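Okay, so here's the structure we're looking at.
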Amino acid sequence: VQLQASGGGLVQAGGSLRVSCVASGSFFSLNAIGWYRQAPGRQRELVATISSGGVTNYTDSVKGRFTVSRDNAKNTVYLQMNSLKPEDTAVYYCNADCVKSADWAACQEYWGQGTQVTVSS
């Protein structure tokens with residue numbers, strides 16, 4: 001199983017970007033997907049999560065600005081980022097913490113390679 005994150009880039013403050021995470025390979029279920037970010041010199045932090053059923057959660061600093069969604073048919077999760085601020089600058093990673101090869105199988109965790117988001121002031 002591989003997670004491929006893409007869509008990052010350079011944007012001015014107040015602008016928008018959408019990052020995507022595509023899961024490929026053989027699996028029975030992806031379950032919840034999370035978006036994390038890590039800025040230079042800082043710990044990786046959880047930004048948003050979405051369950052297999054579409055229930056979402058956000059860290060306080062992005063509520064009202066970021067929206068996480070998923071297309072289960074495409075095994076893809078999106079993070080729409082609006083009203084971007086310089087403090088949103090980070091490498092954004094997607095994470096699947098419970099990927100199963102079968103209904104009875106144990107969970108396996110996978111990380112995407114990260115995509116850089118830079119917001120200029």
Side-chain angles (χ1 to χ4, degrees):
V1 176
Q2 286 190 325
L3 299 182
Q4 181 74 36
S6 63
L10 173 64
V11 65
Q12 288 189 330
S16 298
L17 276 176
R18 188 178 79 163
V19 292
S20 302
C21 177
V22 181
S24 61
S26 178
F27 49 85
F28 173 77
S29 62
L30 279 178
N31 296 300
I33 302 292
W35 280 102
Y36 290 74
R37 66 186 179 187
Q38 187 166 21
R42 302 190 65 176
Q43 288 189 329
R44 190 172 297 189
E45 65 168 341
L46 179 62
V47 175
T49 61
I50 185 165
S51 72
S52 57
V55 177
T56 59
N57 282 287
Y58 303 91
T59 192
D60 286 346
S61 62
V62 308
K63 283 180 181 177
R65 301 188 298 121
F66 290 12
T67 302
V68 61
S69 61
R70 68 192 292 164
D71 184 335
N72 289 331
K74 295 181 178 179
N75 294 323
T76 301
V77 175
Y78 306 97
L79 184 67
Q80 176 68 43
M81 303 181 288
N82 299 328
S83 302
L84 281 161
K85 304 175 181 180
E87 51 263 44
D88 295 318
T89 295
V91 178
Y92 283 71
Y93 300 89
C94 55
N95 169 268
D97 67 357
C98 184
V99 180
K100 291 190 171 187
S101 59
D103 191 27
W104 47 262
C107 290
Q108 300 287 330
E109 182 177 21
Y110 295 91
W111 287 91
Q113 85 288 4
T115 184
Q116 176 70 47
V117 171
T118 303
V119 184
S120 63
S121 56

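This structure is a prediction, so every number in the text was calculated from the model and none was measured. Numbers for residues simply follow the sequence, beginning at 1. Side-chain atoms are counted along with the backbone in the values below, which use heavy atoms only and exclude waters and symmetry mates.
For the pair Val11 and Gly15, the tightest heavy-atom approach, listed with the atom from each and the gap, is CG2-CA, 3.8 Å. The shortest non-hydrogen separation linking Thr56 to Val68 is CG2-CG1, 3.5 Å. Annotation for Pro86 and Ser121: closest pair CG-CB, 3.8 Å, computed over non-hydrogen atoms. Across all non-hydrogen atoms, the minimal contact from Thr76 to Ser20 is CG2-CB, 4.4 Å.
The pair Lys63-Asp60 counts as a salt bridge, with a side-chain nitrogen and a carboxylate oxygen less than 4.0 angstrom apart.
Sorted by first and then second residue, the ring-ring contact (aromatic ring centres under 6.0 Å, His included) pairs involving residues 52-85 (not counting sequence neighbours) form an empty list.
Here Ser61 contributes atom OG and Lys85 contributes atom NZ; the two are 8.0 Å apart, rounded to the nearest 0.5 Å. Here the OG atom belonging to Ser101 is positioned 11.5 Å from the CZ atom belonging to Phe27, to the nearest 0.5 angstrom. In this structure, the separation between OG on Ser29 and CG on Asp103 is 7.0 Å, given to the nearest 0.5 Å. Rounded to the nearest 0.5 Å, atoms SG (Cys21) and CD1 (Ile50) are 11.5 Å apart. To the nearest 0.5 Å, the span separating OG1 on Thr67 from CE on Met81 amounts to 11.0 Å. Annotation: the span from Gln113 atom CD to Leu3 atom CG amounts to 9.0 Å, rounded to 0.5 Å.
Leu10 shares a hydrophobic cluster with no other residue; no ILVMFWY side chain has heavy atoms under 4.5 Å from its own. Grouping Ile, Leu, Val, Met, Phe, Trp and Tyr by side-chain contacts under 4.5 Å, direct or through others, puts Tyr93 with Tyr36, Leu46, Val91, Trp111.
Other residues, nucleotides and ligands place more than 12 heavy atoms under 6.0 Å from the CD atom of Glu109.
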Taking it one step at a time, do Ser52 and Asn31 satisfy side chain to side chain donor-acceptor pair (under 3.5 Å)? CA-CA 5 Å; Ser52 57; Asn31 296 300; 4.6 Å; no
With side chain to side chain donor-acceptor pair (under 3.5 Å) as the criterion, how do Gln116 and Thr118 come out once you've worked through the C-alpha distance, each side chain's angles and the decisive distance to 0.1 Å? CA-CA 6 Å; Gln116 176 70 47; Thr118 303; 3.3 Å; yes
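The side chain to side chain donor-acceptor pair (under 3.5 Å) test with Arg37 singles out one residue from Asp88, Thr89, Thr115, and that residue is Asp88.
Looking at heavy atoms from C-beta onward, Arg70 lies in side-chain contact with Ile33 at the 4.5 angstrom threshold.
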